[in-house]
Amino acid sequence: MSEVVHVPLGARAYDVHIGPDLLGCAGARLAPLLRRPRVAVISDANVAALHMETLTSGLAAQGITAQTLVLPAGEGTKCWAQLTACVDWLLDQQIERGDVVVAFGGGVIGDLVGFAAAVLRRGVRFVQIPTSLLAQVDSSVGGKTGINTRHGKNLVGAFHQPSLVLADTAVLGTLAPRDFLAGYGEVVKYGLLGDAAFFDWLEGQGPALAAGDSAARVEAVRRSVQMKADIVVRDETEQGERALLNLGHTFGHALEAATGYSDRLLHGEGVAIGCVLAFELSARMGLCAQEVPGRVRAHLAAMGMKVDLRDIDGDLPDAQALLALMGQDKKVVEGRLRFILARGIGAAFVTGDVAQADVMALLEEALAQ
Ligand code: GLY
């Protein structure tokens, strides 16, 4: 049994199916979208080794043939060279305007293949089959696609909504625990930004969810996707409210940059630490009660996640350098940093009204701990 979250975006509306063992019935879900029984599937080496056969069998069960391209795993794949490789390959496969491209993997594959679909023949439809928790709860929904360039992450891309998302929660069982928990950072983000009851639920269910409880995983992904869908429908191209989804990201991106986008800090780990810092800053500015950051920190720590700067291996640059890295963030508007702060758990808001001195003091203290 799977859950369905509908994303009502008019002509670009689509469904997100969430549940175990969706790969095996992918053919039945994709068939209504297809004008001819063939798709192009792009994946990465790790995902393909574990799951490609299950997916292609699930497609073949409905008579759908799949051409497959397997790219190297890792963030480095989200680049101009691999975009060219994808687009050329799709043209070699004679993928037409009416065909469907399938992005089968984590956030890197989803962003890259979605962007390739957006530019191929000025836009072909694509289906997201996200295989990481991060991709299932965040990057596969909402239509942000793109690549990294030497200037930074995600600076080149397009809004291109998928036509369908299949989030197979059984696949999460093959993730390394660290990758699962990094994705959980994005799940917690949803509770923190807009749903206090969901955060309460996570405090209770988080351990079961991490241990593999299938129903808890489906429910966590469903509630996260529902919240994301609600926000995206109100602000598809991030003119305002969608920026709330970046809670924890201004600090997190700076920490990712400071650690060279390496294994020292995964994206979701940076987001989790960034959420703690955003709540600390909110408390210092008198926006939320002093005990709230402690509650955020306690839940992340109970889950065995990174919580503080000292949890990051190796040296970090000083507060001034971290602040400069925050200035590279896409959320800078007319030179002013925008922050997502909170009046409490589930009550985040976007503001440009933050004194640099307060951020410096927070970072200095966090580094000294
Ligand atoms: N990952 C943030 C967004 O989709 O807006």
Side-chain angles (χ1 to χ4, degrees), residues 23 39-53 55-56 66-93 95 100-120 124 126-160 162 165-168 171-172 174-176 178-180 182-183 185-186 249 252-253 256-257 259-271 330:
L23 296 186
V39 290
V41 180
I42 303 181
S43 189
D44 74 33
N46 293 345
V47 171
L50 288 167
H51 305 297
M52 187 64 95
E53 206 178 308
L55 176 62
T56 52
Q67 265 82 34
T68 60
L69 174 66
V70 177
L71 302 175
E75 187 74 28
T77 291
K78 234 173 91 171
C79 66
W80 284 111
Q82 295 293 358
L83 177 70
T84 307
C86 284
V87 170
D88 280 340
W89 179 79
L90 289 166
L91 290 170
D92 288 343
Q93 303 309 308
I95 295 304
V100 166
V101 175
V102 177
F104 183 37
V108 167
I109 287 293
D111 285 6
L112 171 74
V113 177
F115 189 33
V119 297
L120 183 75
V124 301
F126 83 115
V127 169
Q128 290 268 21
I129 307 190
T131 56
S132 66
L133 181 57
L134 184 142
Q136 294 193 353
V137 299
D138 187 30
S139 58
S140 67
V141 178
K144 279 189 182 174
T145 72
I147 56 169
N148 306 326
T149 75
R150 68 182 174 82
H151 293 95
K153 283 184 73 167
N154 298 326
L155 292 179
V156 175
F159 285 100
H160 187 50
V165 182
L166 298 181
D168 184 335
V171 166
L172 301 177
T174 58
L175 294 177
R178 187 180 173 197
D179 289 324
F180 183 89
E186 296 277 359
H249 285 61
H253 281 157
E256 277 187 273
T259 49
Y261 301 99
S262 67
D263 261 10
R264 283 174 64 199
L265 188 72
L266 305 179
H267 173 74
E269 294 174 335
V271 170
K330 283 200 297 308

- Query: If you round to the nearest 0.5 Å, how far is CG of Leu50 from CG of Leu175?
  - Reply: 9.5 Å

- Cys86 and Leu69 have their tightest heavy-atom pair at CA-CD2, 4.2 Å

- Where do Gly74 and Val108 come nearest, in terms of heavy atoms and distance? O-CG1, 3.6 Å

- Please round to the nearest 0.5 Å and tell me the distance separating atom CG of Asn148 and atom NZ of Lys78. 4.5 Å

- To the nearest 0.5 Å, what is the distance between CG (Asp179) and CD (Glu269)? 8.5 Å

- Query: Under a 4.5 Å cut-off applied to non-hydrogen side-chain atoms, are Val41 and Gln67 in contact?
  - Reply: no

- Query: Counting distance only, does the side-chain N/O of Asn46 pair as donor-acceptor with the main-chain N or O of Ala73 below 3.5 Å?
  - Reply: no

- For the residue pair Ile109 and Leu71, establish whether any side-chain heavy-atom pair is separated by less than 4.5 Å. yes

- Task: Indicate yes or no: at least one non-hydrogen side-chain atom of Val87 is less than 4.5 angstrom from one of Val119.
- Result: yes

- Message: Between Leu91 and Leu120, is the side chain to side chain contact (heavy atoms under 4.5 Å, CB included) condition met? List the steps.
- Response: CA-CA 8 Å; Leu91 290 170; Leu120 183 75; 3.6 Å; yes

- Message: Pair Phe126, Val102 - check side chain to side chain contact (heavy atoms under 4.5 Å, CB included), show working.
- Response: CA-CA 6 Å; Phe126 83 115; Val102 177; over 6 Å; no

- Item | Closest heavy-atom pair and its distance - Gly183, Leu133 | C-CD2, 3.7 Å

- Item | Residues Glu75, His267; criterion side chain to side chain donor-acceptor pair (under 3.5 Å); working and verdict | CA-CA 10 Å; Glu75 187 74 28; His267 173 74; over 6 Å; no

- Item | Arg264 backbone acceptor or donor facing Thr259 side chain under 3.5 Å | no

- Smallest heavy-atom separation, Gly105 atom then Ala135 atom, equals O-CB, 4.3 Å

- Query: How far does OG of Ser132 sit from CZ of Phe180, to the nearest 0.5 angstrom?
  - Reply: 11.0 Å

- Item | Nearest atoms (heavy-atom pairs only) where Gln128 meets Gly110 | OE1-CA, 3.4 Å

- His51 side chain to Thr174 side chain, donor-acceptor N/O pair below 3.5 angstrom: yes

- Any side-chain heavy-atom pair of Leu90 and Val101 under 4.5 Å: yes

- Message: I need the Thr84 OG1 to Trp89 CH2 distance, nearest 0.5 Å.
- Response: 15.5 Å

- Message: Any side-chain to backbone donor/acceptor pair from Thr145 onto His160? Under 3.5 Å, distance only.
- Response: no

- Query: When you look at Ser140 and Ile129, which way does the side chain to side chain contact (heavy atoms under 4.5 Å, CB included) test go after all the steps?
  - Reply: CA-CA 8 Å; Ser140 67; Ile129 307 190; over 6 Å; no

- Message: Using the side-chain contact (heavy atoms from CB on, under 4.5 Å) definition, which of the options Leu55, Asp168, Val171 pairs with Thr131?
- Response: Val171

- Note on the structure: Between Lys153 and Tyr261 the two heavy atoms that sit nearest each other are CD-CE2, 3.0 Å

- Query: Would you find a donor on one side and an acceptor on the other, under 3.5 Å apart, between the side chain of Gln136 and the backbone of Pro130?
  - Reply: yes

- Item | Rounded distance [0.5 Å steps], CZ in Phe104 versus OG1 in Thr56 | 8.5 Å

- Task: In sequence, state the C-alpha distance, the side-chain angles, and the governing distance for Asp111 and Ser139, and then conclude on side chain to side chain contact (heavy atoms under 4.5 Å, CB included).
- Result: CA-CA 7 Å; Asp111 285 6; Ser139 58; 4.1 Å; yes

- Compute whether any side-chain donor of one residue and acceptor of the other, for Lys144 and Asn154, lie under 3.5 angstrom apart. no

- Flag side-chain contact, heavy atom, 4.5 Å: Glu186 against Val271: yes

- Message: With heavy-atom distances below 4.5 Å as the criterion, would you say the side chains of Leu112 and Cys79 are in contact?
- Response: no

